[in-house]
Amino acid sequence: MFYNLHTHRFTNNQEITELVNQYPWEFVADIPQYSIGIHPWYIVENRVESDLHFIEQKLQLPECWALGECGLDKRIDIPLTLQSVVFERQIALAEKYRKPLVLHLVAAYQELIAIHKKRPIKVPVILHGFSKNEATAKSLLDCGFYLSFGKFLLRNPELASVFRSVPNGRFFLETDTIEETLMEVYTKAAVIKNLSLAELQQQVAANWQNVFKK
């Protein structure tokens, strides 16, 4: 079995367990397992309450495996103060229903660490699409967070050393919105980690079990 931590496309491939990203305002009911959250790009202030209510309803269902993607993005026009309020309310919901958090973080790693230091997040936290340097990775790993790799692992050779430095029990793999397949991501990851494909599958499966209990 292969595991896809974050994708926007449901493939219905029986060999892949995929966590499909959903949004409250365009929810698809027949996707068998998903994460759901308010992405910082799509915060609409007068819709936040209804979106959070919808998310809370879904978090109570067994097919909702995580809250996300949510987070902070300092490169968009939506005020960081508003983003932070929406993010922290989603953290509280994830903790209430004991669901992991899948995060979108852009240029806001220190802000996340500050939130966590102020009030430690009590559920597993996975930063999807990680693409930063070893120092940033270490600061996030030191908080107990997980890192998920996909697009940039395929496209940025310099990320190989960062991925290699991540403990085997603390990473996931994903496709997000790329055209490349999950198998291409796994193949690249296995080479970098110096593991066979079967060994990599076993490791990701163990990580998945630790976080999602599935």
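Any value given below was found using the heavy atoms of this structure, including those in side chains, with hydrogens, waters and symmetry copies removed. The structure displayed is predicted, hence computed values, not measured ones.
- In summary, E180 and R155 engage in a salt bridge, as defined by a charged side-chain N under 4.0 Å from a carboxylate O.
- Side chains of S139 and D142: a donor-acceptor N/O pair is absent below 3.5 angstrom, by distance only.
- In summary, the side chains of T181 and E184 do present a donor paired with an acceptor at a separation below 3.5 Å, with no hydrogens or angles considered.
- P40 pairs with exactly one of I78, L82, I76 by the side chain to side chain contact (heavy atoms under 4.5 Å, CB included) rule, that one being I76.
- Checked against the 6.0 Å centroid criterion, the rings of H116 and F145 qualify as a close aromatic pair.
- The pair K74-E111 meets the salt-bridge criterion, since a charged nitrogen lies less than 4.0 angstrom from a carboxylate oxygen.
- Looking at every heavy atom in both residues, P124 comes nearest to Y146 through CB-CE1, 4.4 Å.
- Contact check on E56 versus K96 returns a salt bridge, with a Lys/Arg side-chain nitrogen under 4.0 Å from an Asp/Glu carboxylate oxygen.
- Salt bridge R164/E134: absent, no basic N to carboxylate O contact under 4.0 Å.
- Side-chain atoms of Y3 and Q201 include no donor-acceptor pair closer than 3.5 Å.
- Cation-pi contact between K132 and Y109: absent, since separation from the ring centre below 6.0 Å together with deviation from the ring axis within 45° is not met.
- When side chains are defined from C-beta on, C70 counts as touching L103, because their heavy atoms get closer than 4.5 Å.
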Next item on the list: Report the C-alpha separation of D73 and W41 in whole Å, then their side-chain angles, then the decisive distance to 0.1 Å, and conclude whether the side chain to side chain contact (heavy atoms under 4.5 Å, CB included) test is met.
Entry: CA-CA 8 Å; D73 191 325; W41 292 0; 2.8 Å; yes
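- In this structure, L140 and L112 have side chains that are in contact, with non-hydrogen atoms separated by less than 4.5 Å.
- The number of heavy-atom neighbours closer than 6.0 Å to NZ of K214, taken from other residues, nucleotides and ligands shown, is above 12.
- Sorted by first and then second residue, the side chain to side chain donor-acceptor pair (under 3.5 Å) pairs involving residues 79-91 (not counting sequence neighbours) are E49-R89.
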Expected list for residues 23-38: side-chain donor-acceptor pairs under 3.5 angstrom, two or more places apart:
| from | atom 1 | to | atom 2 | distance (Å) |
| --- | --- | --- | --- | --- |
| Q33 | NE2 | E18 | O | 3.1 |
| S35 | OG | G68 | O | 3.2 |

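- The environment of CZ in R98 is sparse: at most 12 heavy-atom neighbours from other residues, nucleotides or ligands sit within 6.0 Å.
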Checklist line | Test log, rule side chain to side chain contact (heavy atoms under 4.5 Å, CB included), inputs I126 and F212 | finding: CA-CA 11 Å; I126 309 116; F212 297 101; 4.2 Å; yes
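- With respect to H6, the side-chain hydrogen bond (donor to acceptor under 3.5 Å, both in side chains) criterion is satisfied by exactly one of H104, E174, E69: E69.
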